[in-house]
Visitor: 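Have a look at this one.
Residue numbers begin at 1 in each chain, while the letters A, B, ... track the order of the sequences. Heavy-atom basis, side chains included; hydrogens, waters and symmetry copies ignored.
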2 protein chains.
Amino acid sequence: MKTRCVYFFVLLSLYACKKETQYVPNTKMLVDYVNPFIGTDGPGNTYPGATVPFGMVQLSPDIGIPGWDRIAGYYYQDSIITGFSHTHLTGTGAGDLYDILVMPINSRSNKRIEENNFKPFSSFNHKQEEASPGYYTVDLLDYGIKAELTATARVGIHRYTFPKDKDTEIHVDLGYTINWDKPTAIHIEKVNDSTIQGYRMSTGWARNQKVYFQMQFSKPFSSYGYYEEKAINVNPIKGNTRVVLKYDVEAGDKIVVKTGLSTTSCKAAAHAIKIEAMGFDFDAHRDKARLTWEKELQKIKITSSDKDKKSVFYTMLYQSMLAPTLLSDIDGSYKAANDEYGLYKTGKDSLAKANGFNRYDTFSLWDTFRAAHPLYTITQPERVSDMIKSLLAHYKETDELPVWSLQGSETNMMIGYHAVPVIVDAYFKGFDFDSELAYKACKESAMIQDRQVDIYMEKGYVPVDDQHENWSVSKTLEYAYDDWCIAMFAKDLGKHDDYEYFLKRSENWANLYNEKTTWIQPKDTKGTFVKPFIPKQYTPYFCESNAWQYYWFVPHNIDALIDKTGGKERFEQKLDSMFSYYPGPEDKLPLFSTGMIGQYAHGNEPSHHVAYLYNYLNNPSKTQKLIRQILENQYKNKPNGHCGNEDCGQMSSWYIFSSLGFYPVNPAQGIYHIGIPLFEEAIIQVPNGKTFKVIASNFSKENNYVKQVFLNGKPLQRIYIAHKEIVNGGVLEFVMTNTANNNDFKKLETPNPNKVY
Amino acid sequence: MKTRCVYFFVLLSLYACKKETQYVPNTKMLVDYVNPFIGTDGPGNTYPGATVPFGMVQLSPDIGIPGWDRIAGYYYQDSIITGFSHTHLTGTGAGDLYDILVMPINSRSNKRIEENNFKPFSSFNHKQEEASPGYYTVDLLDYGIKAELTATARVGIHRYTFPKDKDTEIHVDLGYTINWDKPTAIHIEKVNDSTIQGYRMSTGWARNQKVYFQMQFSKPFSSYGYYEEKAINVNPIKGNTRVVLKYDVEAGDKIVVKTGLSTTSCKAAAHAIKIEAMGFDFDAHRDKARLTWEKELQKIKITSSDKDKKSVFYTMLYQSMLAPTLLSDIDGSYKAANDEYGLYKTGKDSLAKANGFNRYDTFSLWDTFRAAHPLYTITQPERVSDMIKSLLAHYKETDELPVWSLQGSETNMMIGYHAVPVIVDAYFKGFDFDSELAYKACKESAMIQDRQVDIYMEKGYVPVDDQHENWSVSKTLEYAYDDWCIAMFAKDLGKHDDYEYFLKRSENWANLYNEKTTWIQPKDTKGTFVKPFIPKQYTPYFCESNAWQYYWFVPHNIDALIDKTGGKERFEQKLDSMFSYYPGPEDKLPLFSTGMIGQYAHGNEPSHHVAYLYNYLNNPSKTQKLIRQILENQYKNKPNGHCGNEDCGQMSSWYIFSSLGFYPVNPAQGIYHIGIPLFEEAIIQVPNGKTFKVIASNFSKENNYVKQVFLNGKPLQRIYIAHKEIVNGGVLEFVMTNTANNNDFKKLETPNPNKVY
């Protein structure tokens, strides 16, 4: 009940009390610590633009150059901006979205060279550029135009400040296309002299994307013209793809542009503007976005004298809330996930309506089931149910749970059925949704005749197929983990047969264990291990990884993996090697293997739980040393501050958990493994007005190990804490010391693999 | 005779004595002072790549983004390279050339996103990039490939050093197109497993460009494939436009690629490789290029303790030798200038042969007639005749002298018939060419029924036409100046009637002088001054300029301009205002108005002689102050070191002359106005083994004025020195002082406007 009250208070403060929302206190706010440029250089693939938590709109600058480095539109090393589009992916390797590009220009644009098919762009400079949560600004140097961006959940708001120029133009380019994104149908129409609307259908990584928009301008355009692109890459679109709105402006004139989005209709897009973005007071909307973010960031208050670390922490907390993204209109309507092939595959309507919840999408589940979704169960209690309901809506629309869904479309990127751990985790943590439906969805997704689940069920492992390109080992391990989650879910629902069946399936990882080599290896259909096998090699059997990195993926039964490996001593030797056996110069690392510590690749998700495994060996000091090393070396307060793709909140959520001192090794078991806190104190806001406080006593630069852990004043007898213990409020105290201390930990209980806590 | 000997010595040292040319002394060479990155940031529009003096090949990196900033292919602020093409313009505003793009890639190229129409590129970093005369290297970071470039006159030589990768490819892309450049016909064929050849015909700023090539590889490719671009902007080319050569390489493997160019045939391109670029010893060719440059730079030896100034000086000397560029094959053949419309406009052959001279092109005459060509009469005695013969060849091919010709094509960019002052200057300085033919060419170019020369002859000025877009004032002034040159030429050839006629025409500038306003203003066909008229405004009557900047363009008769203005006192007031009346924030300056000192725009050519005009007022201290200011503030040893377009050697030649202490205000009068030297000593190599030494005695940081000037030990009685005095050898001594000193100069003689010295 209290949660709801807080929620209403937020709503009130955001939408009702305009005067109050414009009040920005003089003291430094937590949003001021956020550096949205972290990850915009290097492999992070983040964007610096304006958005609100889990918003539909990500209004951000686009460089206009294709390829991996600029996959989120922007790259810190560049010097030009080609416009501001309204949708971007955060931290992924998927070159998609970039819908509805807006670019203001004027007659100062004399650096351009007239071509048949002129696409405007401008130089820019980081000195005349700023970003903070919900706000981005840059000077378009070629034109002398200042651009500012902010957003509501469904509306992107631009403000352009112009120099005097009677030949000022605002280009709205729906034909802008880059990477995988290709428009398939475009419509633009003038509603009145300060409003346009239309749609942009496109295909790319996600098929059959639909973006309807309405765009309102604070100043009527004096005239306008449509342009037809003569060549949009190789897929020519017939008809107009760009509208150019003309203005005669005086020096200092400002034009505010509001773009409402919807996946269902222009009307819904207009409705979004009406409800979320009244008037043309840009500053008020910017302040609203800022306060929305501040509210979110206040959920975890840390004490630290290190400004850079504080910036990294709050930026990671910020980046953990950029996905999933809102899919539904204000009235709940959204483009359903069943027409991703442009056909109604399931025979159901292509439009759906979320009743009583917000429908989300952009589920990068292979990444986010590990730490991001568990984090939301602590920091986003009001959104977890909606996210689960969204996963279930996807199931209802397509008869399968999503794997990697975007814009109401299953992209089928990556592997596993990792909606399952997300749902099961939320189920055990008591979030509200239809558990029978959820169970049905989980079970069916684990029984499909697709993604080699069928042959996995038949053989107990995914065999290498003819093309050897099937990530067979990774699939086997991940399916087995997800099966464990279903088993626990079935058990709790009293479905005993299913429990037995899926618990048995959850042991399938062992079918690929080669006793002779002590590695988990690919097998062919006949059950023979594939040769040659070199553990450090990146082969098609391991998803973006090698055999070292996947060896540890039995998060539901590390005890059994230890046994298989030959006991704790042998397991610890192997784990030590994981962190000390560095790739040589002759080893060609794939794009994803970054943030290396030996074979450990913090830049990619399969490694994320591995540093915590020393806890199972009663040797947590090694975990502590590694976690500190990763926290301090792989996350920096600079544009090149991410060691790998941010991946829709997973890299940042790893940081949040680990810097707080605990981490969900098995993300559906209701517990978090004890690590080492990075800050003197952290106060987490939990439901019912309570707090969960993490204290590091004897905190100092030298004291880099944990001596003992107390929960609510009593020595912790376990190497983990339960989720319930956090959300009920309390104090977790880490007594810090300067030497590795395993003696006190030796007696600590490790989790029971056959139980959710 | 001696000149020829020197020339032969150079040839010998370059082509015969391989061992000797590889000898690079340990002491710092002058090439080491050159920073080819000057002008690659900001408005300079230079390229950093590899070329030899006045060479046909400019092998340089291409960013792949269109527009003004990257018009020479490269821009220092960028972070990607899309390949290395073989032809680039230096310091212009013309987006053309970029022929035959080469890009090596390999399977590490995982930052790319597979698109239908993949164009490879790589990130790069200035830390792993270097440039020096004749050499450029950069690491292509996405692929781990080191690229190195060097050149001979007609051959671009690449060396790529690879990491181990069996999927290495060299892309040769003839479809690469950007800015105005558009391919019209492309052919690629395999000659053998280490040779390809073909051609790339294109149109753009220059029409009907023909580039034939042969490309030889030090390592045979294992296989190859042709690619047809599905969309080359809006002008689809049918057939293959790209060949991809495949290699399996080991770590450290190097492949050398030699690309011969010709405007006439693949055979000629192959011949260029055979004669100029024997073998595959990249280092030897790089050293040859380096020594070729060193030889050129040794022509002026300066003494300075300021390393940055020394770098600027030698970079400017280097940049003064990047155009004109060689057009003819080794046997003298070249694509004639008469088929620039793809038709044989003149009914003559499209192929021509230069007998006994090298045919040059890339004549940016509106820029270079001012200081670059006069500089060549001192530093390039062996090339001046060839350049004049090239201008005359263009005349023979098209019946007109060139205005701005490129790749054997008249682009008709800019105004004037400024081949005339270049020819007349060379004539009076005694260079060898057919003077009767030259005179005919000059006269006919001044009598054409085109470029409003006809109406200029009829009315005595160029009237504003209906569109008011005709640069009427600029044309009138520039035609009048060129007419003065013809008059002097006629007089010397004994053509008295012509002398009278053209001398009269040379006074036409006065027809636009408005006595009421004391400005030179546009007139309509009826002879009425056009209203409104605001001198500081940039209007279509003034070429890239305003009335302030063009007021001073009567270089042949400054005395008359002073009289018109109302005498020396009034003239000096106006000149003072020129340098003190700064544009306000409300004034929209065009792209070309940069390097502003008041209304003076050092970034564009019409201003270039203006700071020297105080010499006519016996007030040279003001000239001295301004020249020092421009030399020190508008040229910097950094990428953004040019204040405006370098313009094919004009900005750099201004620097060379001015820093030596003299400048050709009227570039065809055989004299140089006295300025102020920037260095303690400069030794100019002049013919017959002699030197012309410029000494600044009492040189110090504080002594920023000239007290007195001595020529060969005697006080100079004139405010100018004659060209003959330089090339005969001698010593010009400037006695420096810390205060403005005009008294000693008051008596000095100014030049006689009716005479060439």
Visitor: Would you say I80(A) and R70(B) make side-chain contact, with heavy atoms under 4.5 Å?
Guide: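 Counting from C-beta outward, I80(A) and R70(B) do come under 4.5 Å.
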Visitor: Go through the steps for I65(B) and I65(A) under the test side-chain contact (heavy atoms from CB on, under 4.5 Å), then give the verdict.
Guide: CA-CA 8 Å; I65(B) 300 173; I65(A) 300 173; 3.6 Å; yes
Visitor: Answer with side chain, backbone, both or neither: which region of N125(B) has an atom nearer than 4.5 Å to a non-hydrogen atom of chain A?
Guide: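 Neither part; nothing is under 4.5 Å.
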Visitor: Contact between W68(B) and D142(A) at the side-chain level, heavy atoms closer than 4.5 Å - yes or no?
Guide: no
Visitor: How close do Y75(A) and S79(B) get, counting heavy atoms only, and between which atoms?
Guide: CD2-OG, 4.4 Å
